[in-house]
Amino acid sequence: MATTHDAKPTSRVLWVDRFLTLIRITFVVLISVGLIAFIAQQIDPQNPLARWLNPDATGLTAPQFKGLLVTGLAQGAMYGLIALGYSMVYGVLGFINFAHGEVFMVGAMSGMITSNKLADAGLWEDAFLFCLLFVVVTSIVISTAVAVIMERIAYRPLRGAPRLIPLITSIGVSFFLQNMSVVLLGPGAKSYPSLPSWLSQKRSLIGFEIEGTKLVVLLTAAVSMAGLWFLVERTKTGKAMRAVAEDKEIAALMGIDVNRTIVTTFAVGGAMAGVAGILWGILFRSVIHTTGFLPGIKAFSAAVVGGIGNLGGAMAGGLSLGAAEATAPLVLLEPLGVDGVSQLRDAVAFAVLIFVLLVRPSGLFGERLSDEDRA
Amino acid sequence: MTATSDNLSMLEAPGINWRRQIRFALVGGLSSVFIALAGMPVGLDGRNIIQPVLSMGYLALLWVPFVFASLAGSVVILEGMSERERDAKDLAAGALVGLGSSAGLIILMVLIQNFNLRDPLVNWSPQLLDLLSFDRSTGLGMLLWLILGTTLGLLGGAMHVVPAKVRSRILAVALAVLAVSVLETFLTDLLEGFGLETLTDFIYYKRGGLEVSGAIVVAALALLIPLLVGSKIEGIKTRVVEMPSEERRRVNLLLLTVGAALMLVLPFFLGKITNELLANVGLFVLLALGLNIVVGLAGILDLGYVAFFAVGGYTTAVLTSPNSPGFSPELPWPVALIIVVVLTGIVGLFIGAPVIRMRGDYLAIVTLGFGEIIRLLFLSDWLSGWFGGAQGITNIPGVDVGIGTVKGTDPRSVFLLVLVFCAIAIYVSWRLEHSRLGRAWMAIREDEDVAEAMGVNTTNTKLMAFVVGAVLASFSGAIFSAKVGSIFPTSFLMLVSIIILVVVIVGGMGNIVGVIAGALVLIGVLGGPKQPGLLQEFSQFKLLIYGALLVWMMLKRPEGLVPNVRRTRELHQEEFLQDAWLKGEIDTDDDEDSQ
């Protein structure tokens, strides 16, 4: 994958390029120093390398590290599911659907409503698996509907408009959906009913202590991913989606209904976001109208990390971003002598995005985009 | 002239599309239900427009049938088409759309009466039902809605039947009454400053809203003034336009001086609340002018613009406040301002340099990330030794200007200070727009590759946009921290960036007048992220309205309310080309082939 400015031959090196190189080097140096200090500390807490920048660093025990990693991976799987929606829409329409995070929030909200209704009816505890299935299905239906309506009202009229116009529109849609939740459902945080105790128990699995909820999250993400892979790679609809992503006009000439394919793309993305919404509910048991914002941005980062337009990449990007933001504060920042590292989790996610865009803009696994979208 | 354009006869616009009418009726019904469940009728009922007759709450529902009916009836007249004769069928179509809108409400009333969905939907309340049934029995309420909806729809449809002149008169009268009612706080305050309380007492009811007699007077004035003086104003306008350019410049200069003098005198006739409100608007004008340079002129979508506002505010606080936790030189504000400007410029470079080569949409998200990172850093314990973390920095002194101190408790002085900086910002934006740099920005906005081929150094030019935008935001930040007297990370949420973006886009990207108008209308009337506007009742709905407004503007009028001519052409390039082709102004390759 060529970077965007390779094609422009410039004889002189601009100061901006030097500055960018400097930033890249700083990033790499910081990461390596943090990592080396961390490893040194794990080997021997008293050695001078470990005490160099942060004499108070405590290091991590193996179970602590594993716990962080599992938490990170579970969240990462959720980011990955959201990232699929960003990636698919970017692949097909070539714009960032900023409001996709809000589709996820709608999914989490609708899950909250149905699960609370079920808990009121006394079914939640007794028939948990059936209830969960019902909640997931309703949430999928609702977020798919939101995604499709959004496409119809806000994005379809803007096909062919200058690139930034749909992006600004999607910011508006995101703002609208967020505040729609405030005015319809009230501004406070709302909680899911408590999960049955057999689910939240810790189980050990290949050396990891995993809470049942996180296991459910990882399994659901894996199943959804497999379903999506089957849809995109093995069915006629998937073929149409890939064709439209490659070139809309030629796909239309081949007899593919482009509009319908785009709607399907939004619907599938919305469904994935709905599933992710329920996973959020299971992991954190609390939703508020701003729930969609940060996971949305992080999922977008995940899509970029994995290479936007690349579905496997989106999932891998999600998992690595989740792992990075869970472990990096303690593994990289604490040895560097930063206080209150856990507050900087979100900053780490943004830093990963900036780092990947600076070092490898096409992502870890490369982009799958048509040439017109790459400009 | 080409063969194609001669062959075109005038086509008549197509007749009524009934499917479109039914669609609008359904959407109208759903919108009414949404507005009702969003709590607007109940929440806004306290605000009167015309005292016993109409409150803002009912207006929130009543505009739907009227506007949807009139939208459903409008037809785009393309180049080479003639307007169709309108007849009674259009009235029926309008009534149908209106009926659809009120049908939604009626169904909602039945549902509220029979089911209780209060649990997820907070506004599903007997209060809403009472309001919807006009505090009478439900059946009567339903009947009233049926009649009201149909009538308003009919009127909306009738807007297309009456001549255009009558239509614009009616709209002007309605807008005038609404505007006088919305501007109540401002107008009473202003008239009180001139000692004209009797006039306000006559127009306004004691507890808000117009009196019926006042409304009639305003409506009559709005109808009569254009009739009496309209032609004269037209005459003066054409005379000014026809003047030789030197004389016209002199007239413009005179008008500008008079306007500036009026603005400087204005704060002395206004009360505390209005001055405070206008000072807030001024802060947003500064921010919007800065973002206008980045987004409007250079075409770079910066979603983390609040970062520069934050850096400006925090630097001022650290440099001037005795309570600053880490480093506290307690400099006087003007000295601090110089450092703030330099520092924010450098931050602009630092944020700009890594993102400048990215694609437009990546750039947007990454700048958003930078905005959040900067807020998180100000909030973090790590840097709390410098910036106070969540506790912020308090006890920031006002601005000592010799004759007095500018601080938040004296909004008039703040407003005057903001005015001075707005004047500087306007002058800078105006000069830059017509400079070599400004032309380079616009070239980049239109096509970066072509601009580069024409010899524009795109990297430096784009960075300059970042830096100039950052400096203007830092002015705003510096005044903000002196005005409020304390500074916290919660003032710099991403929300602020988005609201400034909405102001720039609604006003008109790339147009100074538009941006100022946008800030006046949005921040002044609806309010900023934390600052209340004239319509305080709207505070819980304003963000919803901002979001809807952003989408609507992008779909229907991306060039903004006060458009910039060149930007409009860029955004509607295809339409302009098509019209030009139909009029035979340009030759196309196809024609050459056929000849």
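Every chain is numbered from 1, with letters handed out A, B, ... down the list of sequences. No hydrogens, no waters, no symmetry mates; every other heavy atom, side chains included, goes into these values.
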Checklist entry - I545(B) versus chain A, heavy atoms under 4.5 Å apart: side chain, backbone, both or neither? => result neither
Checklist entry - Checking heavy atoms, do the side chain of I165(A), its backbone, both or neither come under 4.5 Å from chain B? => result both
Item to check | Residues in residues 296-306 of chain A that sit under 4.5 Å from chain B, counting heavy atoms only | outcome: I297(A), F300(A), V304(A)
Show me the donor-acceptor pairs, under 3.5 Å and distance only, between side chains in residues 548-559 of chain B and residues at least two apart or in other chains.
residue	atom	partner	partner atom	Å
R557(B)	NE	G560(B)	O	2.9
R557(B)	NH2	L561(B)	O	3.4
E559(B)	OE1	H572(B)	NE2	2.9

Next on the checklist: According to side-chain contact (heavy atoms from CB on, under 4.5 Å), who are the partners of R152(A), at least two apart in sequence or on a separate chain?
Outcome noted: R156(A)
Checklist entry - When only pairs under 4.5 Å are counted, which of V348(A), I171(A), L353(A), L184(A) shares the most heavy-atom pairs with chain B? => result L184(A)
Checklist entry - Considering only heavy atoms, which portion of L20(A) lies under 4.5 Å from any heavy atom of chain B: side chain, backbone, both, or neither? => result side chain
Item to check | Toward chain A, the part of M40(B) with a non-hydrogen atom under 4.5 Å | outcome: neither
Checklist entry - Cut-off 3.5 Å, side chains only: do Y90(A) and D361(B) have a donor facing an acceptor? => result yes
Checklist entry - Can you say whether L368(B) sits under 4.5 Å from chain A via the side chain, the backbone, both, or neither, judging by heavy atoms? => result side chain
Checklist entry - Can you say whether K190(A) sits under 4.5 Å from chain B via the side chain, the backbone, both, or neither, judging by heavy atoms? => result neither
Item to check | Interface moiety of L463(B) toward chain A, non-hydrogen atoms closer than 4.5 Å | outcome: side chain
Next on the checklist: Could you work out, with side-chain contact (heavy atoms from CB on, under 4.5 Å) as the rule, every residue matching L495(B), not counting sequence neighbours?
Outcome noted: F175(A), L493(B), I499(B), P529(B), L543(B)
